Amino acid sequence: MKIRRDHCRTIRSLLPLHVGEDLDSRERREVDEHLQTCLSCFREFRELAVSRGFLGVLAEEPLPPNILDGFTEEVMARVAIGEKGPAAPLPKARFPRFEWLHLATAAAVLMAVIFGLRVYDAEIEPETISRAPRGEGTMIGPIPTNTPVERSSVARSGRSGLRGTEVDRLQDQTGWNESRVLPVSLSPFAPSAWNGVGLVPDVNHQPRLRPGWR
Amino acid sequence: MSPASQTALRRTPNVSEHTREDHELIRACLAGSQEAYASLVKRHEERAFWAAYRVVGNAESARDVAQEAFVRVWRALDRFNFSMAFTTWLYRITVNLAIDHLRRNKRHKAVDVDAFGDGLEDQRHDQSPDWQQGNREVASKVRSVLETLEEKYRTVLALRDLEGLSSKQISDITGITHATVRWRLHVARNQFRENWERMEAMTAASLQSAREKAKEPTARPVEKE
């Protein structure tokens with residue numbers, strides 16, 4: 001019984017196409033065979049066919065009177081007067097109207113990015129700890145505590161961010177030398193990656209794993 | 001065979017012969033002959049008009065759309081692909097323009113099927129035994145129901161059942177796949193049938209209420225105390 005119902009559903013999905021003879025021969029044969037044995041599907045088909053039959057009335061509708069009078073002449077007048085034909089294709093504009101808009105938008109975005117970078121650069125100036133030349137060895141904000149520096153300078157200072165005076169103090173205590181500062185660039189466009197914070201990296205550092213991590 | 005198919009056949013003579021003649025005219029146009037283009041327009045003006053009319057549903061707008069289509073065809077004639085039929089190309093341009101016209105003017109709003117009863121009130125009293133008159137009324141109802149369909153379904157249904165184009169041709173014209181054409185046709189016919197039946201039911205209900213109204217006495221007799 002269920003198989004029968006499923007088959008009916010499949011056939012009914014094909015009926016709208018069957019009324020317009022839009023099925024291929026295999027589908028059509030299958031639907032026709034089913035319609036000979038299933039009254040409810042046949043009724044469904046008949047209702048679809050009746051409603052579609054009304055479209056036929058519209059298809060036979062005569063042309064509205066005088067609607068196409070002078071049609072060709074008007075088209076030819078437009079063609080002859082102003083419209084460029086196949087013999088004279090329209091030249092492509094070098095800069096169409098909206099091209100300027102795109103260029104202006106791109107320029108504005110570029111300016112905003114450059115200006116933003118300069119402001120950003122100015123803002124990080126007070127946080128600089130390194131005495132390395134500008135653009136090298138600068139550090140922004142707190143030192144990440146999971147860097148090799150943690151066990152040496154940061155742990156001793158008890159803070160994550162160091163200021164110039166603290167650097168001096170550390171320099172006195174540890175004998176840290178400016179010449180040992182590794183060149184580090186924070187520029188996102190720099191080819192080298194940030195390998196530290198401008199202090200001597202701890203080459204023996206082993207990353208601490210959280211309990212349970214392997 | 002359905003009336004729609006018969007009409008479609010009547011409107012589509014010998015395809016290959018027609019296509020060959022169209023191509024000859026296009027070659028003449030490309031050689032600079034405007035007379036050849038006038039002949040081409042004359043041959044296809046009715047076809048373009050009907051294609052536009054099926055989509056926009058208004059004769060004047062359809063005429064404008066068809067004219068615009070022929071002007072666009074003229075402009076782009078040097079890019080015509082001779083491996084295809086001119087009619088397919090013309091249909092594509094016309095149908096696209098008609099759809100654009102609908103969208104631009106926002107004239108096509110989803111027609112509420114529930115509002116059918118109001119429009120049919122007057123028609124009921126004008127019924128005439130004249131066959132032409134009866135057909136005109138049915139055509140008007142069919143057009144109303146067609147307007148309730150979404151534009152994408154209406155376009156496919158009109159091209160298939162009113163213009164008699166094949167699913168393959170509709171696929172070429174509209175630029176959608178054959179499977180999508182079949183699916184839209186399936187949905188369009190189902191929706192057309194549902195809306196048609198609702199409209200019929202509402203007409204019947206409207207007639208019934210009018211009859212009951214007519215049976216009611218106009219004035220109640222004054223009761224004596």
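Order of the sequence lines sets the chain letters (A, B, ...), proteins ahead of strands, with each chain counted from 1. A quick note: this is a predicted structure, and the numbers were derived from the prediction, not measured.
Taking the side chain as every heavy atom from C-beta outward, A:Glu44 and B:Arg193 approach each other to under 4.5 Å. In this structure the side chain of A:Val79 never reaches within 4.5 angstrom of the side chain of B:Val41, judged on heavy atoms. For the pair B:Glu60 and A:Ile67, the minimum side-chain heavy-atom distance is below 4.5 Å. Residues A:Phe71 and B:Phe49 form no side-chain contact, since every pair of their non-hydrogen atoms from C-beta on lies 4.5 Å or further apart. Proximity of B:Phe192 to A:Arg52: side-chain heavy atoms (C-beta onward) are nowhere separated by under 4.5 Å.
A salt bridge links B:Glu68 to A:Arg78: one of the charged nitrogens lies within less than 4.0 Å of a carboxylate oxygen. A salt bridge does not link A:Asp22 to B:Arg182: none of the charged side-chain nitrogens sits closer than 4.0 Å to a carboxylate oxygen.
Heavy atoms of B:Ala31 lying under 4.5 Å from chain A are absent altogether. Contact of B:Tyr53 with chain A is made through the side chain alone, with heavy-atom distances under 4.5 Å. For A:Leu15, no part lies under 4.5 angstrom from a heavy atom of chain B. Heavy atoms closer than 4.5 Å to chain A are found nowhere in B:Leu40, neither backbone nor side chain.
The minimum heavy-atom distance linking A:Pro16 with B:His186 is given by the pair CG-CD2, 3.5 Å. When all heavy atoms are compared, the tightest approach of A:Leu55 to B:Leu162 is O-CD2, 3.3 Å. Minimum interatomic distance between A:Leu58 and B:Ala139 (heavy atoms only, all atoms of both residues): CD1-O, 3.5 Å. Taking every heavy atom of both residues into account, A:Phe54 and B:Val142 meet most closely at O-CG2, 3.4 Å.
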Q: Check the pair A:Leu17 / B:Arg189 against side chain to side chain contact (heavy atoms under 4.5 Å, CB included), numbers first and verdict last.
A: CA-CA 8 Å; A:Leu17 295 177; B:Arg189 284 183 182 144; 4.3 Å; yes
**Q.** side chain to side chain contact (heavy atoms under 4.5 Å, CB included) evaluation trace for B:Trp196 with A:Glu47
**A.** CA-CA 11 Å; B:Trp196 178 263; A:Glu47 284 170 12; over 6 Å; no
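Rounding to the nearest 0.5 Å gives a distance of 9.0 Å between CD of B:Gln67 and CG of A:Leu68. We find the OG-CE distance between B:Ser39 and A:Met76 to be 8.5 Å, quoted to the nearest 0.5 Å.
A:Ser51 and B:Glu197 share no donor-acceptor pair across their side chains, judged by distance under 3.5 Å alone.
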